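Residues: numbered from 1 along the sequence shown. Owing to the predicted nature of the structure, the values given are computational and were not obtained by experimental measurement.
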Amino acid sequence: MGKVRLVIIFYEDRNFKGRSYECSSDCADLHSHFSRCNSIQVDSGCWMVYERPSFMGYQYFLHRGEYPDYQRWMGFNDCVRSCHSIPQHQGSHRIKIFERSNFEGEMKEFADDCPSLFDCFHFSDVNSCNVLDGFWLLYEHPNYRGRQYLLRPGEYRKFNDWGSLSSRIGSMRRITC
């Protein structure tokens, strides 16, 4: 069985109009391909797109589907400067989150989505975490809203390690592409 070719298409204008660029692999700098991005079509796979080059700035998770304007992917503006595909994960998902940096303080382990971290954990500040299995998305607010942060398997000793400026996390979900 062959590997599935991942494809994402960026369009400068809304509703899939204007100059376009088709991408099938990670790209750290999309600026040479288009100056703005107002719509995206994901033909296959799951992708993370970033507001700035080198996978920095606001992060947006996209799965197969059509996004006719940047508000549809919860974008704040028409700026997309880098992207990478998210590998398909077949196994279980597990994450340990910690109240304090360096895996200290109260710890809770999750294997499923959590729409309100406060309801599950009784606080909303996550200062470190350890992704044991699968890929996860952390959200700034409950019910999967606000800024998004992609976490791959590995250790994150402080919230800056996943690209956040704050330890505030409202919800989290497994990525199941």
Side-chain angles (χ1 to χ4, degrees), residues 1-90 93 113-117 124 126 131 134-154 156 159-177:
M1 189 173 197
K3 187 176 178 180
V4 174
R5 182 172 177 257
L6 303 176
V7 177
I8 186 169
I9 306 167
F10 301 95
Y11 296 86
E12 284 197 337
D13 298 327
R14 289 187 169 112
N15 297 312
F16 318 106
K17 296 190 182 341
R19 197 163 103 187
S20 66
Y21 175 69
E22 182 176 307
C23 186
S24 59
S25 63
D26 296 356
C27 185
D29 193 354
L30 292 164
H31 186 69
S32 64
H33 303 291
F34 51 85
S35 61
R36 65 187 183 279
C37 180
N38 279 292
S39 52
I40 297 176
Q41 181 178 348
V42 178
D43 283 346
S44 55
C46 290
W47 294 81
M48 211 67 191
V49 298
Y50 298 82
E51 177 191 37
R52 297 188 0 226
S54 301
F55 317 110
M56 303 292 288
Y58 291 124
Q59 305 176 32
Y60 308 106
F61 173 73
L62 304 174
H63 54 83
R64 186 179 177 163
E66 295 185 338
Y67 304 84
D69 59 63
Y70 64 79
Q71 288 100 357
R72 296 291 175 97
W73 66 79
M74 294 192 284
F76 293 107
N77 56 44
D78 64 358
C79 193
V80 172
R81 293 292 181 255
S82 54
C83 70
H84 71 78
S85 61
I86 300 171
Q88 190 173 21
H89 178 75
Q90 298 291 335
H93 288 75
D113 301 349
C114 178
S116 173
L117 205 57
S124 301
V126 176
V131 178
F135 293 80
W136 291 79
L137 274 178
L138 303 183
Y139 293 83
E140 182 181 29
H141 301 297
N143 299 312
Y144 317 112
R145 294 183 354 266
R147 292 183 181 174
Q148 305 170 30
Y149 306 101
L150 172 67
L151 274 66
R152 298 176 183 86
Y156 301 83
F159 61 82
N160 310 70
D161 291 348
W162 62 76
S164 180
L165 300 174
S166 164
S167 62
R168 178 73 42 168
I169 299 297
S171 52
M172 61 186 191
R173 69 169 30 139
R174 302 161 296 138
I175 296 178
T176 56
C177 296

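- Sorted by first and then second residue, the salt bridge (Lys or Arg N to Asp or Glu O under 4.0 Å) pairs involving residues 31-40 (not counting sequence neighbours) are Glu12-Arg36, Asp13-Arg36.
- Remark: Asp43 pairs with Val7, Ile9, Gln41 by the side-chain contact (heavy atoms from CB on, under 4.5 Å) rule, at least two apart or across chains.
- His93 places a side-chain N or O within 3.5 Å of a backbone atom of Ile175 that can act as its donor or acceptor partner.
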* Verify side chain to side chain contact (heavy atoms under 4.5 Å, CB included) between Trp162 and Val126, making sure each step is shown before the conclusion. => CA-CA 11 Å; Trp162 62 76; Val126 176; 3.9 Å; yes
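- Considering only residues two or more places apart in sequence or on other chains, Pro87 meets the side-chain contact (heavy atoms from CB on, under 4.5 Å) condition with Phe135.
- Residues satisfying the side-chain contact (heavy atoms from CB on, under 4.5 Å) criterion with Cys23, sequence neighbours excluded, are Ile8, Phe10, Tyr21, Cys27, Cys83.
- Applying the salt bridge (Lys or Arg N to Asp or Glu O under 4.0 Å) test to every pair with at least one member in residues 163-177, sequence neighbours left out, gives these pairs: Asp112-Arg174, Asp113-Arg174, Asp125-Arg168.
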* Asked: Step by step, would you call Arg81 with Leu30 a side chain to side chain contact (heavy atoms under 4.5 Å, CB included)?
  -> CA-CA 5 Å; Arg81 293 292 181 255; Leu30 292 164; 5.5 Å; no
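- For His84, the side-chain hydrogen bond (donor to acceptor under 3.5 Å, both in side chains) criterion is met by Tyr50, Arg152, not counting sequence neighbours.
- Glu51 contributes atom CD, which lies 9.0 Å from atom CZ of Phe76 (distance to the nearest 0.5 angstrom).
- Rounded to the nearest 0.5 angstrom, Ile86 CD1 and Met48 CE are separated by 6.0 Å.
- A search for side-chain hydrogen bond (donor to acceptor under 3.5 Å, both in side chains) contacts involving Ser166 returns nothing, not counting sequence neighbours.
- Nearest heavy atom pair, residue Tyr70 against residue Asn77, reads CG-O, 3.3 Å.
- The two atoms that bring Ser39 and Pro68 nearest to each other are CB-O, 3.3 Å, heavy atoms only.
- Under the 4.5 Å side-chain criterion, counting only non-hydrogen atoms from C-beta, Tyr11 is not in contact with Ile40.
- In this structure, the separation between SG on Cys79 and NE2 on His31 is 9.0 Å, given to the nearest 0.5 Å.
- Screening residues 53-64 for salt bridge (Lys or Arg N to Asp or Glu O under 4.0 Å) gives no qualifying pairs among residues at least two apart or on separate chains.
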* Asked: Where do Asn38 and Asp69 land on the side chain to side chain contact (heavy atoms under 4.5 Å, CB included) test, with the steps shown first?
  -> CA-CA 5 Å; Asn38 279 292; Asp69 59 63; 5.8 Å; no
Can you give each donor-acceptor pair under 3.5 Å made by side-chain atoms of residues 141-151, sequence neighbours left out, with the distance rounded to 0.1 Å?
residue : atom : partner : partner atom : Å
Arg145  : NH1  : Pro142  : O            : 3.0
Arg147  : NH2  : Tyr58   : OH           : 2.8
Gln148  : OE1  : Phe61   : N            : 2.8

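- Closest approach of Leu6 and Trp47 over heavy atoms only: CB-CZ2, 3.6 Å.
- Partners of Glu22 according to the salt bridge (Lys or Arg N to Asp or Glu O under 4.0 Å) rule, which considers only residues two or more places apart in sequence or in another chain, are Arg5.
- Remark: Cys177 pairs with Cys46 by the disulfide (SG to SG under 2.5 Å) rule, at least two apart or across chains.
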* Dump the intermediate steps for side chain to side chain contact (heavy atoms under 4.5 Å, CB included) on Tyr139 and Met172, then the final yes or no. => CA-CA 6 Å; Tyr139 293 83; Met172 61 186 191; 5.6 Å; no
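- Taking the side-chain hydrogen bond (donor to acceptor under 3.5 Å, both in side chains) definition, one finds that Asp161 meets it with Lys158, sequence neighbours left out.
- Residue Phe159 comes nearest to Ser167 through the heavy atom pair CD2-CB, 3.6 Å, listed as atom of the first residue, atom of the second, then distance.
- To the nearest 0.5 angstrom, Cys37 atom SG is 11.5 Å from Arg14 atom CZ.
- Contact between Ser82 and Ala28 at its shortest, heavy atoms only, is CB-O, 3.4 Å.
- Between the side chain of Asn15 and the backbone N or O of Lys17 there is no donor-acceptor pair closer than 3.5 Å.
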